[in-house]
Amino acid sequence: MKLKRDPECTSCRLHETAEHVCLLGTGPAQCDTMIIGEAPGHREDDSGRPFVGPAGRLLREILDDVGLDDKKIFITNAVSCRPPKNRHPSTTEIKACRTWIQRQIEEVEPSFILLLGNTACQSVLGKKGITKLRGRAITEDGVTYVPAFHPAAILRDPTKQATLEADIKLFRDLSQGRSNKQEGFNPISVDTPQQFADMIKDLNGTVSFDIETTGLYPWEKGARVQSIGFGTKTTQWSVPLEHHTHRPWPTKLHRTMVRHIGRRLRDCSVVAQNGKFDCLWMWVHYGVRWEISFDTMLAHYALDENDRHGLKYLSQVFYGAEDYDLNPINAEWPEMYIYHCWDLYYTRRLRFTLGRKLNEDPTVKAVFQHIIMPCSELFLDAEYNGATIDLTQFGEADKYLTERIAEAKHKLLTCGEECGQDWSNVNWRSPQQLAKILFEDLDVKVLNPSKDDLTKTGNKSTGESVLKRVQHPIAQSLLDLRGANQQMSFFIKGWEPFLDGNLLHPNFKIHGAVTGRPSCQHPNLMQVPRDSRIRSLVTAEPGWEFIEADLSQVELRIAAELSGDERMLETFLKGEDIHWQTAIREIARTGDRADLVISTAEKLEPSNPSCSEYGEAIQVLLRHGPKAAIKINPAWKDIRKKAKATNFGYLYGMWYKKFVTYARDNYGVTVTEAQAKASRSDYFNLYKELLPWHKRQIRFVREYGYVTTLTGRKRRLPAALAKRDSWERKAAERQAINSPVQGFAAEWNLMAAIQLRDEYRRRDVKILGTVHDAILFRVRKEMVEEVVTRVLKIMERPKLLDRFGIKMSVPITAEAAIGPWSQGKELDEWLASR
DNA sequence: GATGCATGCGCG
DNA sequence: AAAGCGCGCATGCATC
């Protein structure tokens, strides 16, 4: 190398302590690949060569393993002098040394650079955050950079070794040209009838499909499809439709062109990235309902639910693609269609890469094929159908909330006057201002304060849990104001921008949750308050009925199935209520509420003389169940609700200490730690198989790093593989218990929804969404009886279970409510009221 | 003005 | 021993 080191360099403080100043890299004078580490270690300082310590040995081992010859790579460091012991180079030192690393890059002229650790990334890319940067290549000015963990990080945390190896393999593949060739990229802007005809002829076999739009919501005013595109083996065709500058095709031709293409696509295997989005736009804007046979985003979700699934990201990860992103909303056509064609190109390539990966994991592939992909069709319908909103009642709810907000604000101001404070300019939503008023101006004390009363950043919390215990009249008004404000901004102001007439079209994300649950946004239909004044805004148009069909206590039933717990199974087989069982047993254990227990029992069995005895009264309550007891005294409703939360908490690994705060915040009940401990151990004594099942899950996840649902869907939890006990590992272990339950419950509900959609035509049954363990849909009035009867059958045993060979010993049951959401009636009642 | 994080809370 | 899980959204606030 011509470049000479400068042993007299004084551009940063490091020259004062380093034994050798300015140690440059070694390797071929000019070569295509370079590795940049952090700074010389003491071994390098002695020998003058980089990467000779333990980290260097590890690096060379991995390079050797993946088949890279370290002698053919130029190896150097971002900083050329050794920092003092136990210290990383500072930002100033990195900056000072940047000239040296840049000169080395200029002289060696590599096309591929492996960046080891944060320092190298910061120095060369100007970016920090190796955890996020790693795993994908970044190409700038013709040089491809691959950020990876520094081998020294692996010495500290060996679980990262596989990640480093994968990243070095990516570096190898890219530098050896194995996958970053862009063969077959042949973008065409379809501007003439001849080009259109050529495109139609070319639509064969596997075709990627993608559209560019002016926004994300097809019902938005002025929303337009700018172009539609198709990628084949040899060519990417981008057809401009309503682009703001380039419009070679008259608008009146668009529908004909679209139909023409649609006919061709019927014989193709259509691939898309989040195809539900593109299909929805095509349906709304051109009235065609196209189907996707392979969705690359969803395939990647099935393969790694923890990762990101964006197209640009995947293209970088798998093919080292350059960042070709641009803002498609106002781009000029020449840039736009190239961008569009890259999308088409990489989507089609991903089809094959991800397809191969799915083939390596047949159970995951089955979930993808039979649940995830059909969900795409299910939710496409749901989004198109939308949720019908009662606009008259919408106004009423607005008025009601406005009044509630005004009332709460008024109370707060009056309160302030009484305390001699002027609060007219206070922003009650600001935690800072509120904390100042509460804890400084008023100096209020919190009842039974706990360490949870501080926020993560150490501030005094003004959350619900604290407010409920604040002994000051403003606390209640604050809670009222918060609730009303939130409901107002969520459901009145939040919905308005999405209203399409009286319809809301929420977006369902099939890949929304790591467990397999879908999520929902814009707006989120799954978080509509249960307060019937808000929830019943969701209803049906004249001639139709709104129906919610939900699975009963499905997660607990699945937990019973998976754990094989005899008592739980028995409870469900007998058709008893699990939350009620827990509630009554908890009461009986503590001997609490004797008056309520005995008085209710006496009314339930007036002719039974032993009801006045506590033990017998408990048996009577267990026999009669919650409905009868609540009828006699509504207090039982709350007691059952409390037990429900207890059931879930303990089931998923809640610790007794949390139960103390939980009981306090939700029920104002003071439970001592000893009582909480007893309650927890009583729970696991009652359901004896739960803890052994927890242990089985933990053992499995610690060995394999993942767990599965009964369908074979994987929940990957690499944190569970850590050798050292840590909070992260514990969290992963709890997820290993929760995910198979939550995930399978969601899958069950989705299997049922898919089947419901298959069995009826859209003109009779319109599904508008799912809410975890429930299906929401509208039915033509005259078909209500038939469809409700059928949907309950489907939900109790969707036929897709057979494909996965699933046999259940616990019964799964469902119920349906007919009528505006939260105000629905059971079928019998509905029939009688007609 | 855009972005990211924290807080707080709605749902299952 | 910082031991329930899974989401989305509005607001405030610090940061560039």
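Numbered from 1 within each chain, the chains take letters A, B, ... in sequence-line order.
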- Query: Any side-chain N or O of A:K509 under 4.0 Å from OP1/OP2 of C:dG8?
  - Reply: yes
- Message: Assess whether a salt bridge exists between A:D565 and A:K688, defined as any Lys/Arg side-chain N lying under 4.0 Å from an Asp/Glu carboxylate O.
- Response: no
- Message: Once you apply a heavy-atom cut-off of 4.0 Å, does A:E555 come out as touching a base, just sugar-phosphate, or nothing?
- Response: nothing
- Dot-bracket encoding of pairs in DNA chain C, which uses [ ] for pseudoknotted crossings and | for another strand, Watson-Crick or G-U under 3.5 angstrom: ....||||||||||||
- Message: It should be established whether A:K658 places a side-chain nitrogen or oxygen under 4.0 Å from OP1 or OP2 of nucleotide C:dA3.
- Response: no
- Take atom CG of A:N306 and atom P of C:dG6, then tell me their distance rounded to the nearest Å. 10 Å
- Task: Calculate the interatomic distance between A:Y656 atom OH and C:dA2 atom C1'; express it in whole Å.
- Result: 14 Å
- Write down the distance between CH2 (A:W655) and P (C:dA1), rounded to a whole number of angstrom. 11 Å
- Task: Return the nearest nucleotide to the side chain of A:Q527; candidates are B:dC11, C:dC7, B:dG12.
- Result: B:dC11
- Message: Using a heavy-atom cut-off of 4.0 Å across all strands, would you classify A:N485 as base, sugar-phosphate, or nothing?
- Response: nothing
- Query: Has the side chain of A:E464 got a donor or acceptor atom sitting under 3.5 Å from an opposite partner on the base of B:dC9?
  - Reply: no
- Item | Residue closer to the 5' end of DNA chain C, A:Q521 versus A:R429 (nearest nucleotide) | A:Q521
- Nucleotide C:dT11, atom P - distance to CG of A:L481 in whole Å: 13 Å
- Distance check: side-chain N/O of A:S489 vs OP1/OP2 of C:dA10, anything under 4.0 Å? no
- Parallel, tilted or perpendicular: ring planes of A:W821 versus A:F546, cut at 30 and 60 degrees: tilted
- Could you check whether A:V514 gets within reach of a base, just the sugar-phosphate, or nothing at all, counting any heavy atom under 4.0 Å? sugar-phosphate
- Task: Look at A:R530 and B:dC11 and indicate whether a side-chain polar atom (N or O) is within less than 4.0 Å of OP1 or OP2.
- Result: no
- Query: Does A:N524 put a side-chain nitrogen or oxygen below 4.0 Å from OP1 or OP2 of B:dG10?
  - Reply: no
- Query: Roughly how many Å is it from CZ in A:R517 to P in C:dG6, rounded to a whole number?
  - Reply: 10 Å
- Message: Of the options C:dG8, C:dG4, C:dG6, whose atoms approach the side-chain atoms of A:M654 most closely?
- Response: C:dG4
- Item | Value in whole Å for how far the C1' atom of B:dG8 lies from CH2 of A:W428 | 17 Å
- A:R640/A:D577 ion pair, N-O < 4.0 Å: yes
- Contact class for A:Q735 vs. all strands (heavy atom < 4.0 Å): base, sugar-phosphate, or nothing? sugar-phosphate
- Between B:dG8 atom P and A:R482 atom CZ, what is the distance in whole Å? 7 Å
- Please check if any side-chain donor atom of A:T646 sits under 3.5 Å from a side-chain acceptor atom of A:E586, or the reverse. no
- Message: What is the distance, to the nearest angstrom, from the NE2 atom on A:H772 to the P atom on C:dG6?
- Response: 13 Å
- Touch class at under 4.0 angstrom, heavy-atom based, for A:T462 against every strand present: sugar-phosphate
- Test: A:R517 and A:E555 ion pair at under 4.0 Å: yes
- Message: Using a 4.0 Å heavy-atom cut-off, does A:K493 contact any base of the nucleic acid, only the sugar-phosphate backbone, or nothing at all?
- Response: nothing
- With a 4.0 Å cut-off on heavy atoms, is A:R680 in touch with a base, just the backbone sugar-phosphate, or nothing at all? nothing
- Note on the structure: Result for side chain to side chain contact (heavy atoms under 4.5 Å, CB included) between A:I767 and one of A:L378, A:I754, A:I547, A:L776 points to A:L378
- Message: Can you classify the ring geometry of A:F491 versus A:W495 as parallel (below 30°), tilted (30 to 60°) or perpendicular (above 60°)?
- Response: perpendicular
- So does A:R734 get a side-chain nitrogen or oxygen closer than 4.0 Å to the phosphate oxygens (OP1/OP2) of C:dA2? no
- Message: So A:L686 and A:Q581, do their side chains get closer than 4.5 Å, heavy atoms only?
- Response: no
- Aromatic ring proximity, centroids under 6.0 angstrom, A:F700 and A:Y706: yes
